[in-house]
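Here's the structure we're looking at; comments come further down.
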Amino acid sequence: MKFGGTSVANVDRIRNAARHVKREIDAGHEVAVVVSAMSGKTNELVGWCEEASATYDNSEYDAIVASGELVTAGLLAIVLKDLGLNARSWQGWQIPLLTDDAHGSARIAGIDGGKVIDGFASRQIAVVAGFQGLHARTGRVTTLGRGGSDTSAVALAAAIQADRCDIYTDVDGVYTSDPRIVHRARRLDRVTFEEMLEMASLGAKVLQVRSVEVAMVHKVKLVVRSSFDDPADPKPGTLIGDEEDILEQQVVTGIAFSRDEAQLTLRRVADKPGVAAAIFMPLAEANINVDMIIQVVSDDTTTTDITFTVPTAEYARAKAILEERRASINYATLQGAQDVVKVSAIGIGMRSHSGVAAKAFKALSEKGINIRAITTSEIKFSVLIDEAYTELAVRTLHSLYGLDGAA
Ligand code: ASP
Ligand code: MG
C-alpha cells in the first residue's frame, strides 16, 4: 500500500490511512506500506535548499528532501500501533533500497525485501519511507526524483513479490482525461501498463512515469484508488495490468495533454547528410530532451525546414545552443513558440484499427484548430496546437472517441 502526500497531509489523515491498512490486515493480508511526505513538505524543503544557496550540493539536497518521508513513516507506525497492530518504520537505507549516485533523480539498483518479509512472521507491518535510497559505495542518501515514492512502492512490491501494489491518492482512479478540463471524463476500471506509461509520459500526473516502467517490467499489478474513500467500504479504483487482464477494449482509452512544450523551427537549413546530427547532438549533450521532430522534404533539395519540441523549461537553453551554432549548422532563421500544447490520444486498440488519427485531424479542422506538428506510435498519436485551443481540442477528441460519460 502506498499513500501519497494528500493521504498523509496531517496526523488525522495519517490515522485515516492507518484504517485502510487495518482493513487489509483484518482481511488476512501481509502488508508493507510506503509513504510520501506530507503534502507541501517536499516543496518547502526544496525551497530551503534554494534559499541556502543557488549552487547547493545535490547530495545535501537529497539528505534534506528525504527527511519529509521519515516523519510520515514514523507517524504512521505510531498510529498503527495505537490500532493494536504490530508496525515499525524503515528509512530507505535501512531496507536497504540501493540506487545509483545520480543525486536528485537516482535510479534504483536493487532492493532487499528480506527484512520486510521477515517481519511478516510476527505480523509486523513495514512502514517504509518512500522517495529515498542509499548509494552503497559513498554511503550517501539519494532521492528518486519528484513523485518518486510511487516508484519506491512498485519496486518494493516487486522485491517482496506482492500480489498487488495499491497506490492511494486523492482521486479514485485513472480517468479518461483530466476531469478539470473534461467534465464528462470517466474513471477507467482497467488500463494496460503500456497505455498507463503513455498517459503518464504524455501529461497525466497520477503516477510517476518510472513507477509504471518498473511495474511493467516486473509485472506488478497496480491499483490507483482513493484514501478519501470510507476505509470500511472503499471503491475498487483503476487496475493497471497486463493486456490479458484487461477484457473489453476501446480503441482509444484516454486523452492526455501537456502544456509543458515549446516549439523551435529552423528555416532554410542546408539539406545534406549530417545536419540533423549537427542540430540534435549538441542538444543531447546538454541533456535537453527533444520530443516531436518534423523535417520538411524540400523540392529544390538545397534547404529544408526542421521543427521540433522541447520541454518549456529547456526552451531558452535550447535556443541559445542553436543560436551559438548558427554558422556551423547553417540555417537562415530560428523561430520559436512557447504558447503551444501537445494533445494526445492513447489506446492499445490503435494497433488493430486504421484511420484512428485521421478522424481526429478532421474533427480538429472542423473546429478551426491548426495542427503544428504530429507524431504517432503504435498505441498513441499526438498533435501540437496553439495553447488557446487546449480545452476545445481535448473535449473534441474525448467525445469523438466515445469516452464521454454522463454529464
Ligand atoms: N515527496 C516527494 C515529492 O513530493 C516524493 C513523492 O511524494 O512521491 O516529490
Ligand atoms: Mg505523487
Side-chain angles (χ1 to χ4, degrees), residues 1-10 13-14 17 20 32-50 56 58 60-76 89-93 95 97 99 102-108 111 127-134 141-157 165-175 178 180 196-197 199-215 220 222-228 237-238 240 256 258 260 313:
M1 304 175 77
K2 182 256 172 178
F3 292 93
T6 50
S7 301
V8 292
N10 52 48
R13 298 291 316 151
I14 293 174
H20 283 283
V33 185
V34 170
V35 288
S36 289
M38 293 178 178
S39 60
K41 187 42 101 179
T42 309
N43 287 343
E44 182 182 45
L45 296 168
V46 171
W48 287 341
C49 292
E50 287 165 352
Y56 56 75
N58 278 336
E60 297 307 342
Y61 164 95
D62 276 350
I64 294 158
V65 300
S67 67
E69 274 72 10
L70 305 181
V71 175
T72 44
L75 289 172
L76 181 56
S89 66
W90 293 89
Q91 306 192 352
W93 64 270
I95 292 288
L97 185 154
T99 72
H103 284 285
S105 58
R107 280 187 174 264
I108 296 176
I111 302 186
V127 185
V128 181
F131 183 47
Q132 56 186 270
L134 171 72
V141 170
T142 55
T143 64
L144 307 179
R146 298 306 304 272
S149 48
D150 292 336
T151 305
S152 309
V154 177
L156 181 64
C165 179
D166 287 2
I167 308 269
Y168 285 83
T169 177
D170 51 9
V171 291
D172 60 0
V174 178
Y175 275 67
D178 184 340
R180 284 166 303 185
M196 194 61 233
L197 192 56
M199 287 197 223
S201 320
L202 293 169
K205 293 195 176 64
V206 62
L207 289 173
Q208 197 197 34
V209 176
R210 224 182 263 175
S211 71
V212 187
E213 288 169 0
V214 176
V220 177
L222 298 180
V223 179
V224 173
R225 55 199 305 184
S226 174
S227 74
F228 290 77
T238 300
I240 303 158
S258 160
D260 178 28

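Predicted model, so just to flag it, every value in this text is computed and none were measured. Indexing begins at 1, ligand by ligand and atom by atom, following the structure's order.
If you take CG on Asp170 and OG on Ser227, they are separated by 7.5 Å, rounding to the nearest 0.5 Å.
Within the structure, the closest approach of Gly5 to ligand 1 does not fall below 4.0 Å when heavy atoms are considered. Proximity of Gly148 to ligand 1 is established by a heavy-atom distance of less than 4.0 Å. For Lys41, the heavy-atom gap to ligand 1 stays at 4.0 angstrom or more.
The aromatic rings of His20 and Phe3 are tilted relative to each other, their planes meeting at an angle between 30° and 60°.
In terms of polar-atom proximity, defined here as any N/O pair under 3.5 Å, Gly145 makes no such contact with ligand 1. The shortest N/O to N/O separation between Ser149 and ligand 1 falls below 3.5 Å. Among the atoms of Asp150, none of the N or O lies under 3.5 angstrom from an N or O of ligand 1.
Checked by atom type, the side-chain pair Thr99/Thr142 shows a donor-acceptor distance below 3.5 Å. Remark: the Gln132 side chain and the Thr143 side chain contain no N/O donor-acceptor pair separated by less than 3.5 Å.
Cation-pi contact between Arg13 and Phe228: present, with separation from the ring centre below 6.0 Å and deviation from the ring axis of at most 45°.
The two residues Ala256 and Met199 make their nearest non-hydrogen contact at CB-O, 4.3 Å.
Taking the six-membered ring where the residue is Trp, the centroids of His103 and Tyr61 are separated by 6.0 Å or more.
Under 4.0 Å from ligand 1, not a single heavy atom of Gln208 appears.
Counting atoms of ligand 1 from 1 in the listed order, those under 4.0 Å from a heavy atom of Glu69 are 1 (N), 2 (C), 5 (C). For ligand 1, the atoms closer than 4.0 angstrom to any heavy atom of Thr42 are 1 (N), 2 (C), 3 (C), 4 (O).
Between the side chain of Asp150 and the backbone N or O of Ser211 there is no donor-acceptor pair closer than 3.5 Å.
The nearest heavy-atom contact from the protein to atom 7 (O) of ligand 1 is Ser36 OG, 3.0 Å. The nearest heavy-atom contact from the protein to atom 9 (O) of ligand 1 is Arg146 NE, 2.6 Å.
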